[in-house]
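In each ligand, atom 1 is the first atom listed, and ligand 1 is the first ligand listed. Just so it is clear, the structure is predicted and the values come from calculations on it, not from any experiment.
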Amino acid sequence: MKKQTLHTIQQLKMNGEPIAVLTAYDASFSKLISEQGVEVMLVGDSLGMVMQGHQSTVPVTIEDMAYHTKCVARTNQGSLLISDLSYMTYATEEQTLANAALLMQAGANMVKLEGGEWLCPSIKKLVECGIPVCAHLGLTPQSVDALGGFKVQGRNAESAEKILKDALAVEKAGAHMLVLECVPTELAEKITEQLTIPTIGIGAGNVTDGQVLVVQDMLGLNGDFRPKFVKNFFEDHAINSVQAAIAKYVESVKNRSFPGEQHQFN
Ligand code: KIV
């Protein structure tokens, strides 16, 4: 795969070609995933659950994020690398800049933060300083306690309207990409149509410009944990290696056979 950049990813949206995204937290998976043509790798703070065994992303520190970003960056074969600003590391503009710098110096090409309108001044500042930004709306796991659990968001008209308004605001502030997590497909479709930047969905139906999953989830490595939006690509008997499962994921995202009806919220 040729080296992916902001420009090549934006081009995929313009050409209507779905963007394949997976999380990665270590050097071995980084090599495997990027070799299979996954255009974007995300060092997600979901590492708090899948790497560290926590119940949420709240305990993850910026040092954890920088460490895992360095591991992934060393063996990346050309994917655009996004790294999450972890819990409470972007409450002020100054804090946001300092912590985003740590992730960029660790090898990230873009930082991701959870939230809408209230983040716009920080997004503007990051972009002015040359740091590409991915925003994250819908179910924002760092606010799990405020949301009352890991629940689908935007199910009523008022909350759907708020998410749409937030999406337009973060794009206007300069964000280059938007993750939409656990929102009804109709809302994801409306947002994707109205934005010029790529939308990447997880539990948002097959209408977004790209799809993301946690790599352990799509390999069925998380035991009984199986949210509705996850597909285990190892369940297909023809798949007999991690490489083949990841290649199948890329193919299924590209031909829009994943996510199917059974993986979405209406
Ligand atoms: O932390 C993460 O892995 C994420 C994805 C689920 C989008 O934010």
Side-chain angles (χ1 to χ4, degrees), residues 9 18-26 29-30 33 38-62 64-69 71-72 79-90 99-100 103 108 110-116 119 133-144 147 149-153 163 167 170 175-183 188 191-192 197-205 208-219 221-222 225-231 249 253 258-259 263-265:
I9 301 295
I19 303 159
V21 185
L22 278 178
T23 65
Y25 316 103
D26 65 30
F29 269 103
S30 169
I33 293 169
V38 172
E39 284 110 354
V40 180
M41 280 195 293
L42 169 65
V43 185
D45 59 356
S46 49
L47 68 84
M49 280 106 125
V50 294
M51 294 278 111
Q52 300 175 332
H54 294 297
Q55 294 299 312
S56 78
T57 58
V58 172
V60 179
T61 66
I62 199 70
D64 295 334
M65 293 310 305
Y67 170 78
H68 285 277
T69 302
C71 298
V72 171
S79 306
L80 184 89
L81 188 57
I82 307 182
S83 187
D84 267 342
L85 278 161
S86 50
Y87 183 70
M88 276 294 150
T89 62
Y90 50 97
N99 287 317
L103 299 183
M110 183 184 276
V111 298
K112 177 162 82 61
L113 24 72
E114 298 180 4
L119 277 178
V133 175
C134 176
H136 183 152
L137 292 170
L139 171 54
T140 46
Q142 290 172 17
S143 314
V144 61
L147 297 174
F150 294 98
K151 293 179 182 161
V152 180
Q153 302 296 306
I163 295 172
V170 294
H176 301 84
M177 203 181 282
L178 173 65
V179 166
L180 287 171
E181 179 163 357
C182 290
V183 296
I191 294 172
T192 301
I197 57 172
T199 58
I200 308 295
I202 173 163
T208 48
D209 299 307
Q211 299 293 331
V212 59
L213 281 180
V214 168
V215 69
Q216 279 77 2
D217 291 347
M218 55 77 66
L219 295 174
L221 299 179
N222 279 331
F225 176 74
R226 178 86 173 262
K228 180 178 162 91
F229 55 81
V230 168
K231 174 173 173 174
Y249 168 76
V253 169
F258 175 80
H263 304 118
Q264 64 186 32
F265 304 102

Any donor-acceptor pair under 3.5 Å from His176 side chain to Val133 backbone
yes
Partners passing side chain to side chain contact (heavy atoms under 4.5 Å, CB included) against Ile19 (at least two apart in sequence or in another chain)
Ile9, Leu12, Val21, Glu39, Val40, Pro198, Ile200, Asp209
Can you name the side chain to side chain contact (heavy atoms under 4.5 Å, CB included) partners of Cys182, sequence neighbours left out?
Leu139, Phe229, Phe265
Output all residues satisfying side chain to side chain contact (heavy atoms under 4.5 Å, CB included) with Asp26, sequence neighbours left out; order by chain, then residue number.
Ser28, Phe29
Report yes or no: does Gln211 contribute a side-chain atom to a donor-acceptor pair with the main-chain N or O of Ala204 at less than 3.5 Å?
no
Would you check if the side chain of Thr140 reaches a backbone N or O of Leu137 as a donor-acceptor pair within less than 3.5 Å?
no
Check ligand 1 against the protein and report each N/O to N/O distance under 3.5 Å, formatted as atom name, atom name, distance.
from     : atom 1 : to     : atom 2 : distance (Å)
ligand 1 : 1 (O)  : Asp45  : N      : 3.2
ligand 1 : 1 (O)  : Asp45  : OD1    : 3.1
ligand 1 : 1 (O)  : Ser46  : N      : 3.0
ligand 1 : 1 (O)  : Ser46  : OG     : 3.3
ligand 1 : 1 (O)  : Asp84  : OD2    : 3.2
ligand 1 : 3 (O)  : Ser46  : OG     : 2.5
ligand 1 : 8 (O)  : Lys112 : NZ     : 2.8

